[in-house]
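Data first, discussion second: the structure below is written as C-alpha cells.
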Amino acid sequence: MLDLRFVRQNPQLVRDALARRGEAFDLEHFRQQEQTRKTLTERAESLRHERNETSKRIGEMKRAGVDASDAIEKAETARGALSAANAALDEFEREYHTSMLGWPNLPEADVPDGASDADNVEVGTFGVPRTFDWTPRDHVELGDTLGLEFERASKLSGSRFALLRGALARLNRALATFMLDVHVSEHGYEEVNVPVLVRRETLQGTGQLPKFEHDQFHVAGDEGMFLIPTSEVPLTSLYRGEILDLNRLPLKFVAHSLCFRREAGAYGKDTRGMIRMHQFEKVELVQIVAPQDSAEALHALTRHAEVVLERLELPYRKMALCAGDLGFSAARTFDLEVWLPSQNRYREISSCSNCHDFQARRMGCRIRTEPGKKGAISFPHTLNGSGVAIGRCLIAVMENFQDANGDIVIPDALRPYMGGAEKLVAEPSTKT
RNA sequence: GGAGGGGUGGCAGAGCGGUUGAAUGCACCGGUCUUGAAAACCGGCAAGGUGAGAGCCUUCGAGGGUUCGAAUCCCUCCUCCUCCGCCA
C-alpha cells in the first residue's frame with residue numbers, strides 16, 4: 001500500500017512513477033475522492049462530537065440528580081442523522097480502501113525504463129556456459145532414465161505436476177538442505193518452517209490479494225484458506241500487526257517450503273518439463289530491515305542467492321528488472337537467471353526484491369524508532385528473494401552436469417548430502 | 001468433535017453502562033541527588049486520522065446490535081488456554 005499522505009502531496013510524481021510500470025493513475029478522480037472523503041469525514045465527525053457532548057452532559061445531570069429526559073429526547077432525534085452520515089462514510093471508505101489496495105508499488109527512480117522482460121538490463125554474469133561434444137539433452141530426456149516422471153504424476157494430479165524417484169528425489173532434497181545450510185550458517189538467516197495454508201489477510205499483507213486471487217489455490221470448504229504461492233508470504237507476515245523495536249532489526253528468515261500456483265495466465269507456456277509446475281519447492285529469503293538499510297540489504301540478499309549458484313558451479317546472469325516487469329509489491333528487483341543448455345539460454349531461478357514499506361503498510365508491521373519518544377513509529381522495509389527455486393535448480397544441475405551417456409555428475413558442494421556419491425547413474429526408463 | 005475459561009497500552013494486570021484513552025506495577029525517556037553508577041524521589045510515556053494551533057474524531061481481538069452514552073450488555077466470527085474424545 002502506498003503512503004496516502006505521500007500520494008496526496010506528490011500526486012503527479014505518483015502518476016508518473018506508476019505510468020513507468022504501465023499503470024494508469026487518474027489524478028482528477030483521485031482529487032475528487034479526496035474531496036469526498038474530507039466532506040464525509042467532517043460531517044460524520046462533527047455529528048459524533050455533538051453526540052459525545054450531549055451524552056456527557058446527560059451523565060453529569062444524572063449524577064447530579066437532575067432530570068435529563070429533555071436532553072435524552074433531543075439526543076434520540078439526532079441519532080438518525082449521525083447513523084446516516086456514518087453509513088455514507090463507511091461505504092465510501094470501503095470502496096476507497098479497496099482501490100488503494102489495487103495500486104502497485106512505485107519503482108525506484110533508477111530502475112530502468114521498459115515495458116516487459118525484453119527491456120531488463122543485464123548487470124553481471126558468472127561462469128561460462130559449457131560447450132558439449134553432443135547435443136545436450138534437456139532435463140525431461142535425462143530424467144526419463146533417472147526417475148523424473150510426468151505421466152504418472154498427471155494421472156494422480158493432472159498437468160503441471162511431476163514425480164521424482166530414487167536418487168533424483170534425494171538430489172532434490174540435498175539441494176534444499178544445502179541451500180538452508182548455506183543461508184543459516186554463512187549468511188546469518190534464521191531457519192523457519194512455515195504453514196503452507198494461510199488466511200486471506202495474510203495474502204493481502206504481502207500483495208497477492210485482492211488483485212491476484214485467480215493466481216492462488218483456494219481451498220474448498222474452508223472459505224478463508226489459500227495455499228501459499230511462496231513462503232515469502234508467511235515469512236514476511238510473521239510480524240504482521242506488531243510494533244518492533246528498531247534494535248531488533250534486521251530480521252533475516254529463510255524457509256524451505258512447498259509453493260503452489262495456479263499458473264492461470266500461463267496456458268501453453270513452458271508446458272514441457274518441470275519449469276512451471278502447480279506445486280514446487282523453493283528456499284526463500286526474507287529480510288525486515290530499517291528503511292535506510294534496505295538498498296544495501298537488497299544487494300546483500302541477492303548476493304546470498306548468487307552464492308548458492310556459484311557453489312553449485314552453475315553459470316548465471318543477474319538482471320535488473322525494468323519498471324514494466326516489476327512485481328506488484330516490488331520497488332526494485334534483481335532476477336538471477338541460470339543457464340539451461342537445452343534451451344541455449346538463461347532462465348529465471350531467483351527473483352530478489354526490495355518492497356520498501358509497501359508490504360509493511362499493508363500488514364501493519366511497524367517499528368519504534370526511538371523508545372519512549374512520541375511519534376517515533378514508522379514502517380520497516382521488507383525484502384524477499386528466492387535462494388533459490390529448487391525444481392529449476394535441479395533442472396539446471398541435471399542439464400549442466402550431464403555426461404555423454406546420460407549420467408549426472410553431482411556438483412562437489414552436494415556430495416556430502418548425497419552420501420558421498422559422485423554421479424547419478426542413468427537406469428533403463430522407469431516407464432517400461 | 002464435546003465442556004469450560006480468557007483476549008485491555010511495549011509487557012504484566014485492574015476496570016464489567018456515564019467527567020476511563022483507560023488504575024497499578026514493570027520496562028522506557030527526562031530531571032534531582034551522586035565523583036560516576038545503582039537506589040530513592042519528581043516528571044513524562046499507546047496508536048491512527050484531522051487541524052497552523054487549541055482542539056476534535058477513532059481504536060480496549062474483529063464485525064454487527066442494544067443505548068442519549070459501550071472496554072463494560074447481546075449476537076456472530078477469529079484466537080489462546082484447560083479437560084475429554086479423535087488423530088500423524
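Per chain, numbering begins at 1; letters A, B, ... match sequence-line order.
Contact between Ile408(A) and Val397(A) at its shortest, heavy atoms only, is CG2-O, 4.0 Å. Closest of all the heavy-atom pairs between Ala426(A) and Gly406(A) is CB-O, 3.7 Å. In terms of heavy atoms, Ala85(A) sits closest to Leu47(A) at CB-CD1, 3.8 Å.
rA38(B) and rG53(B) have their P atoms separated by 37 Å, with the value rounded to a whole Å. rG15(B) and rG65(B) have their P atoms separated by 29 Å, with the value rounded to a whole Å. Using atom C1' as the reference point in both rA88(B) and rU82(B), the two lie 23 Å apart (nearest Å). For rU8(B) and rC80(B), the P atoms lie 14 Å apart once the distance is rounded to whole Å. To the nearest whole angstrom, the two P atoms, one in rG61(B) and one in rG2(B), are 25 Å apart. Annotation: rA12(B) and rU19(B) have their C1' atoms spaced 28 Å apart (nearest Å). Spacing of P atoms, rG6(B) relative to rU72(B), comes out at 15 Å, to the nearest Å. For the P atoms, the distance from rA27(B) to rA70(B) is 36 Å, rounded to whole Å.
For Asn354(A), the side-chain hydrogen bond (donor to acceptor under 3.5 Å, both in side chains) partners two or more places apart in sequence, or in a different chain, are Ser294(A).
Nucleotide rU50(B) holds its P atom 8 Å from the CG atom of Leu4(A), rounded to whole Å. The CD1 atom of Ile243(A) sits 10 Å away from the P atom of rG9(B) (whole-angstrom rounding). Phe379(A) has its CZ atom 9 Å from the C1' atom of rG48(B), to the nearest Å. Between Met363(A) atom CE and rA47(B) atom P there is a gap of 21 Å when expressed in whole angstrom units. Taking atom CG of Asp357(A) as the reference point, atom P of rG48(B) lies 14 Å away to the nearest angstrom. Between the CG atom of Leu246(A) and the P atom of rG10(B) there is a distance of 16 Å, given to the nearest Å. Distance Glu53(A) CD to rG55(B) C1': 11 Å, rounded to the nearest Å. For the pair Met1(A) CE and rG48(B) P, the computed distance is 14 Å after rounding to whole Å.
With RNA chain B read from its 5' end, the first of the two nearest nucleotides for Thr41(A) and Arg48(A) is the one closest to Thr41(A).
Between Arg79(A) and rC68(B) there is a side-chain polar atom (N or O) within less than 4.0 angstrom of OP1 or OP2. OP1 or OP2 of rU58(B) sits under 4.0 Å from a side-chain N or O of Asn52(A). At least one side-chain nitrogen or oxygen of His49(A) sits closer than 4.0 Å to the OP1 or OP2 atom of rC57(B). Residue Arg200(A) places no side-chain N or O under 4.0 Å from the OP1 or OP2 atom of rC78(B). In terms of phosphate contacts, Arg5(A) brings a side-chain nitrogen or oxygen within less than 4.0 Å of OP1 or OP2 of rG49(B).
RNA chain B lies under 4.0 Å from no heavy atom of any residue of residues 80-96 of chain A. A heavy-atom distance below 4.0 Å to RNA chain B is reached by these residues of residues 54-76 of chain A, ordered by number: Ser55(A), Ile58(A), Gly59(A), Lys62(A), Arg63(A), Ile72(A), Ala75(A), Glu76(A).
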Identify each donor-acceptor pair in which a side-chain atom of residues 69-79 of chain A lies under 3.5 Å from a protein atom, sequence neighbours left out, and give them as a table.
unit_1	atom_1	unit_2	atom_2	d
Ser69(A)	OG	Asp67(A)	OD1	3.1
Ser69(A)	OG	Asp67(A)	OD2	2.9
Thr77(A)	OG1	Lys74(A)	O	2.7

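Nucleic acid contact for Arg43(A): none, since no nucleic acid atom lies under 4.0 Å from a heavy atom of the residue.
A donor-acceptor pair is defined here as one N or O able to donate and one able to accept, closer than 3.5 Å; no such pair exists between the side chain of Arg21(A) and the backbone of Leu106(A).
Side-chain contact of Glu263(A) with His278(A): a donor-acceptor pair under 3.5 Å is absent, judged by distance alone. Side chain to side chain, Gln359(A) and Glu232(A) meet the donor-acceptor criterion of an N or O pair below 3.5 Å. For the 3.5 Å distance criterion, the side chains of Ser353(A) and Asn384(A) fail to qualify, holding no donor opposite an acceptor.
With rG10(B), rG48(B), rG51(B) as the choices, the nucleotide that has an atom nearest any side-chain atom of Arg366(A) turns out to be rG48(B). Comparing rA46(B), rU79(B), rG48(B) by their closest approach to the side chain of Arg368(A) singles out rA46(B).
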Protein-nucleic acid N or O pairs under 3.5 Å, nucleotides 15-17 of chain B:
none

Handout entry: Strand RNA chain B as a dot-bracket string - pairs counted if Watson-Crick or G-U with both distances under 3.5 Å, | where the partner lies in another strand
Key = ((((((((.[[[..)..(.....]]].(((((.......))))).(((((....))))).[[[[[..)....]]]]])))))))....

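The aromatic rings of Tyr96(A) and Trp103(A) stand perpendicular to each other, their planes meeting at an angle above 60°, with 30° marking the opposite boundary. Note on ring orientation: taking the six-membered ring where Trp is involved, the planes of His187(A) and His183(A) are tilted (angle from 30° to 60°).
A salt bridge links Arg311(A) to Glu186(A): one of the charged nitrogens lies within less than 4.0 Å of a carboxylate oxygen. Checked for salt-bridge contact, Arg57(A) and Glu60(A) miss the test: no charged N lies under 4.0 Å from a carboxylate O.
Applying salt bridge (charged side-chain N to carboxylate O under 4.0 Å, His left out) to Arg20(A) and the options Asp113(A), Asp119(A), Asp325(A) leaves one that passes, Asp113(A).
Aromatic ring centres of Phe379(A) and His356(A) lie farther apart than the 6.0 Å criterion allows.
Counting heavy atoms from C-beta on, the side chains of Thr302(A) and Glu306(A) come closer than 4.5 Å.
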